[in-house]
Structure formats: C-alpha cells, structure tokens
Amino acid sequence: MQLFEELIEYPEAERLVLQSTPRLPVEEVSLGEVLGLALARDLTATTDSPPFDNSAVDGYAVRSGDAEVGRVFRVVDEAPAGRPARESVGEGEAIKIFTGGVIPDGADCVVMVENTSGWGETFELKKVPAPGSNLRAAGEDTRRGDIILPEGTEIGSPEVALAATQGYGALPVYRRPKMVVLSTGTELIEPGTRDLAPGEIFDSNSYALVAAAREAGAEARRLYAASDDVDTLRPAIEEALHTADVVVTSGGVSVGEKDLVKSTMLDLGVEQVFWGVKFKPGKPLFYGTRGETRLFGLPGNPVSAMVCFDLFVRPALMRMTGRTDRNRPRITVYFERQIVNKFGRLHAMRVGLERTERGWLAESVGAQGSGLVSSLTKADALALIGPASDGIPPGEPIEAIVLRQEKLL
Ligand code: AMP
Ligand code: MG
C-alpha cells in the first residue's frame with residue numbers, strides 16, 4: 001500500500017509549481033485569437049494614426065480666412081470617407097466632407113452642416129469656425145515608432161483595437177497553454193446521457209475544470225471519464241500527455257486501492273515533484289513533470305478539485321502565458337466568531353464577504369465538506385486558516401484569497 005511519505009506546506013507547494021513552470025514559447029497569434037494573452041515584446045506604432053488629416057464632423061471644408069456670417073460659399077467637390085476630393089479649396093469655395101474624409105488641399109477647418117444653411121450646391125455660413133476646428137490631425141492618436149503597448153501587457157479589447165489601428169494582423173504573445181482534463185472514477189457518468197444507476201454520479205469535475213481553465217485564458221478540453229483500472233487509465237493519461245502543456249486529472253490520487261493515478265503517471269515516466277500537501281481541501285494533490293508537460297493529479301472531491309485548481313493550476317497557467325498581473329487578490333478579513341481549525345493543516349475555508357466599518361467580515365458559507373459543490377457557488381473568498389487548533393479569536397486579521405473580484409468594488 002502506498003502512503004503519503006512527506007506532506008509539504010502550501011506555500012512550498014505553490015513555490016515548487018511556479019518554480020518549475022516556464023513561460024511558453026513566443027508565437028505570432030492572429031488578432032482574432034489573442035484575447036487574454038500577454039505581449040511577448042513591446043509593440044510599436046507602424047504608422048501615424050490617424051494616417052491623414054481628416055474631418056471630425058459632416059459639413060464643409062473651407063478656408064477659415066474666408067469665413068464670415070452670411071457669406072455664401074460655392075461647393076466645388078466632395079470628400080466622403082475613403083474618397084479624397086480631387087479639387088482643392090479656393091477663395092469662397094467649399095468641399096462637402098463627411099466624418100473621416102480627407103481634409104482637401106487649401107482648407108484649414110471644417111464647418112458643421114448644422115452651422116450652415118444646409119446641404120446644396122451653395123450654402124450660407126451661420127457661424128464662423130475657428131482655424132483648425134473639426135479637424136483631426138494626422139498622428140494625433142499615435143506616432144509611428146512610438147511604443148504603444150509594452151511587453152507583458154495583457155490583451156483585452158482596447159489593446160486589440162489599438163493593434164488593429166496599426167495594421168497588426170497577428171501579435172507576438174506567449175502561446176496559450178493547452179490543458180487536457182481527464183476525470184477518473186468507475187462511478188462517473190457523462191451528464192446528459194442517461195439516468196444514474198445505483199452507485200453512479202455525474203462527472204462534474206471535468207466540465208468544471210475545463211471551464212475554470214478557460215476563465216484563466218487556457219485552451220482546455222476534456223478527454224473522458226476513465227474508470228479505475230490501469231488498462232483504461234494508462235492509455236488515457238498517455239493520450240493526454242500527447243497534446244497537452246498541462247494535464248489535469250481528477251480523482252484516484254489518494255491512498256485507496258483504486259487510486260492508481262500516481263503510480264500510472266510514474267510508470268509513464270512522470271517525475272514526481274510532490275504528493276501530499278498539508279492543506280484542506282486537497283491533501284492528496286500530486287504534481288509532476290514529464291519533459292515540457294506539467295501534470296496535476298487533483299483529488300476527486302469536487303470542492304478539493306476546484307480549490308486545488310485555483311491555488312495551484314491557475315497560477316501555473318497564468319505564468320505560462322506571462323500574465324503575472326492576474327493573480328487572485330489577497331485581502332485581510334476578520335470573523336465575528338471564534339474560528340477553530342481541527343485539521344492540523346492549513347484550511348482554505350470557503351467564506352462569503354461583507355464590507356463593514358472594521359474591514360472585510362468573513363462568514364463561512366456553511367458546512368465545509370469537500371463534496372458540497374453548492375458551497376462553491378456561494379464562496380466569495382478562501383480564508384486561509386492556519387493550522388492552529390486551539391481557535392482563532394474573533395476580530396483577528398486573517399489572509400484571504402478573493403475568488404470574486406467584483407465583490408471588492
Ligand atoms: P477520489 O479522489 O477518486 O477518491 O474521489 C473522491 C470523491 O469524489 C468520490 O466521492 C468520487 O465519487 C468523487 N468524484 C471523483 N471524481 C469526480 C468527478 N469527476 N466528478 C464528481 N465527483 C467526483
Ligand atoms: Mg475515485
């Protein structure tokens with residue numbers, strides 16, 4: 001029988017994971033696929049933006065020196081967006097122009113149509129425009145050669161917009177990690193396929209873990225639920241190893257006779273970094289590497305699987321993509337009641353948060369059983385309750401990892 005040889009502390013486990021996680025190679029990824037990735041080098045402006053002087057309004061391009069209330073102008077051409085005028089603007093002349101149209105030669109301002117008698121072959125000026133009014137100058141947004149986004153920037157929609165204005169069709173980013181999830185357990189049934197027979201449950205972990213990985217910016221897919229025998233498990237893990245940067249299994253990693261994940265991984269040449277963390281929920285967590293691939297054997301209890309994902313796998317995925325700015329915020333909380341930790345290991349307690357004059361009040365979401373999936377939907381944070389067994393007095397400051405950042409707003 002296999003037993004835990006040596007349990008390590010949570011900070012040590014986190015350190016070992018991050019220390020062995022390199023950034024993924026740099027790749028040019030097309031603009032449509034870069035959301036959530038991080039720039040691997042500074043991005044420079046390839047062109048002045050806007051590239052030419054253009055109109056900010058619909059109206060007439062004129063010479064400001066000619067402008068006088070009541071003066072009638074002759075319209076000699078037009079300059080819609082995308083079609084520069086052929087004519088230039090002479091004295092007493094105007095060119096009809098629309099937003100984004102190129103400012104024609106001779107003109108130094110645009111008068112809004114609202115400040116004229118209206119559209120026509122001639123118009124009368126109702127209000128005098130200042131020189132330069134309603135004109136957007138070339139390069140006023142960005143100038144060619146400027147660094148517009150520094151290396152490490154996480155790409156959101158504004159960054160996509162800015163890169164597109166510069167004609168970038170692809171961006172140099174740290175490649176998106178590929179994660180494969182394999183759930184293990186003979187009792188597991190694919191949700192939506194049929195009713196449960198006695199002893200069976202639906203496989204919730206693999207769907208949850210894929211969803212969590214996508215939230216963290218990874219490309220994730222689930223394999224299938226493998227049953228608890230080596231003949232099924234081994235080819236499944238081999239298949240996962242084939243394509244993944246990160247393999248995540250759920251279940252079968254503790255000390256039971258049917259817990260074959262760790263031994264199968266070791267048989268497949270995985271090097272164990274650690275197995276067993278002084279931590280709740282998730283004591284049996286396994287972490288190993290094979291070549292460039294990282295493998296996490298998460299416990300099967302759904303809460304343990306999700307909390308271990310959040311505390312260990314998510315930071316690793318972030319690290320791979322270079323998104324160091326996306327670690328979960330940590331805050332100090334307090335409890336109104338005395339908190340007891342009978343487990344003798346760090347307890348990441350699921351809590352709700354409430355802002356009070358004294359700071360953040362934490363309240364347990366209720367029973368902390370590792371099978372209580374509904375408790376996850378109620379948790380705003382994980383309060384890190386140290387291994388103290390004799391109780392933490394009310395009001396004592398405690399560190400918490402915020403899961404729902406919107407709570408802090
Ligand atoms: P294990 O870690 O394999 O001993 O599983 C611990 C508990 O988690 C058992 O009650 C399993 O039935 C349950 N479990 C394991 N895998 C899953 C899964 N993919 N989805 C939901 N529950 C699971
Ligand atoms: Mg199992």
Side-chain angles (χ1 to χ4, degrees), residues 1-4 7 13 179-215 220-237 239-240 244 246-267 270 272 274-288 295-314 343 345 347-348 350 367-377 379:
M1 189 173 70
Q2 50 173 4
L3 289 174
F4 296 109
L7 299 180
M179 182 174 124
V180 175
V181 180
L182 173 70
S183 51
T184 73
T186 307
E187 72 278 28
L188 300 177
I189 299 301
E190 178 77 21
T193 53
R194 63 168 172 82
D195 290 340
L196 298 176
E200 294 177 342
I201 58 167
F202 291 118
D203 170 13
S204 61
N205 287 350
S206 62
Y207 282 97
L209 291 165
V210 164
R214 289 185 184 155
E215 279 175 350
R221 71 181 177 98
R222 49 189 297 282
L223 221 46
Y224 46 82
S227 47
D228 295 311
D229 59 79
V230 177
D231 293 343
T232 318
L233 210 50
R234 192 182 162 106
I237 295 175
E239 186 180 336
V246 176
V247 174
V248 169
T249 62
S250 98
V253 76
S254 194
V255 294
E257 279 177 1
K258 300 286 180 195
D259 290 335
L260 304 167
V261 167
K262 176 185 159 249
S263 54
T264 309
M265 283 188 184
L266 297 182
D267 283 350
V270 173
Q272 175 176 329
F274 61 79
W275 178 50
V277 182
K278 279 188 215 156
F279 173 77
K280 179 187 162 60
K283 177 176 155 190
L285 176 69
F286 173 89
Y287 175 64
L295 297 96
F296 294 86
L298 307 186
N301 277 310
V303 172
S304 311
M306 291 306 279
V307 170
C308 284
F309 176 89
D310 217 273
L311 266 48
F312 300 98
V313 187
R314 187 180 182 279
F343 308 110
R345 53 196 154 107
H347 181 197
R350 277 148 280 152
Q368 294 281 326
S370 297
L372 304 173
V373 181
S374 64
S375 72
L376 281 174
T377 64

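Atoms within a ligand are numbered from 1 in the order they appear, just like the ligands themselves. The model shown is predicted, which means the values in this text are computed figures rather than measured ones.
When only modelled atom types and interatomic distance are considered, S370 and N301 share no side-chain donor-acceptor pair under 3.5 Å.
Applying the 4.0 Å criterion to heavy atoms of S183 picks out, from ligand 1, the atoms 19 (N). The S250 neighbourhood of ligand 1 comprises atoms 16 (N), 19 (N), with distances under 4.0 Å to a heavy atom of that residue. Heavy-atom proximity to I201, at under 4.0 Å, picks out these atoms of ligand 1: 12 (O), 21 (C), 22 (N), 23 (C). Using a 4.0 Å cut-off to heavy atoms of D203, the atoms of ligand 1 that qualify are 18 (C), 19 (N), 20 (N). For ligand 1, the atoms lying closer than 4.0 Å to a non-hydrogen atom of F202 are 20 (N), 21 (C).
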D228/T184 under side chain to side chain contact (heavy atoms under 4.5 Å, CB included): CA gap, chis, key distance, verdict: CA-CA 6 Å; D228 295 311; T184 73; 4.2 Å; yes
Criterion side chain to side chain contact (heavy atoms under 4.5 Å, CB included) on E239 and Y224, from CA distance to verdict: CA-CA 11 Å; E239 186 180 336; Y224 46 82; 4.1 Å; yes
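With hydrogens left out, the protein atom closest to atom 6 (C) of ligand 1 is N301 N, 3.6 Å, a heavy atom. E187 OE2, 4.2 Å is the protein heavy atom nearest to atom 9 (C) of ligand 1.
Comparing G300, S204, A225 against atom 2 (O) of ligand 1, the shortest heavy-atom distance belongs to G300. The closest heavy-atom contact to atom 17 (C) of ligand 1, among the options L260, D259, V255, N205, comes from N205.
A salt bridge does not link K258 to E187: none of the charged nitrogens lies less than 4.0 Å from a carboxylate oxygen.
With a heavy-atom cut-off of 4.0 Å, K258 does not touch ligand 1 at all.
In this structure, G252 has a heavy atom closer than 4.0 Å to ligand 1.
Relative to the six-membered ring of F286, K262 misses at least one condition, a distance below 6.0 Å or an angle of at most 45° to the axis.
The aromatic rings of F279 and F312 sit perpendicular to each other, their planes meeting at more than 60°, with 30° as the lower class boundary.
Atom OG of S183 sits about 13.5 Å away from atom CZ of F202, to the nearest 0.5 Å.
Remark: the backbone N or O of G300 is paired with a side-chain donor or acceptor of N205 at under 3.5 angstrom.
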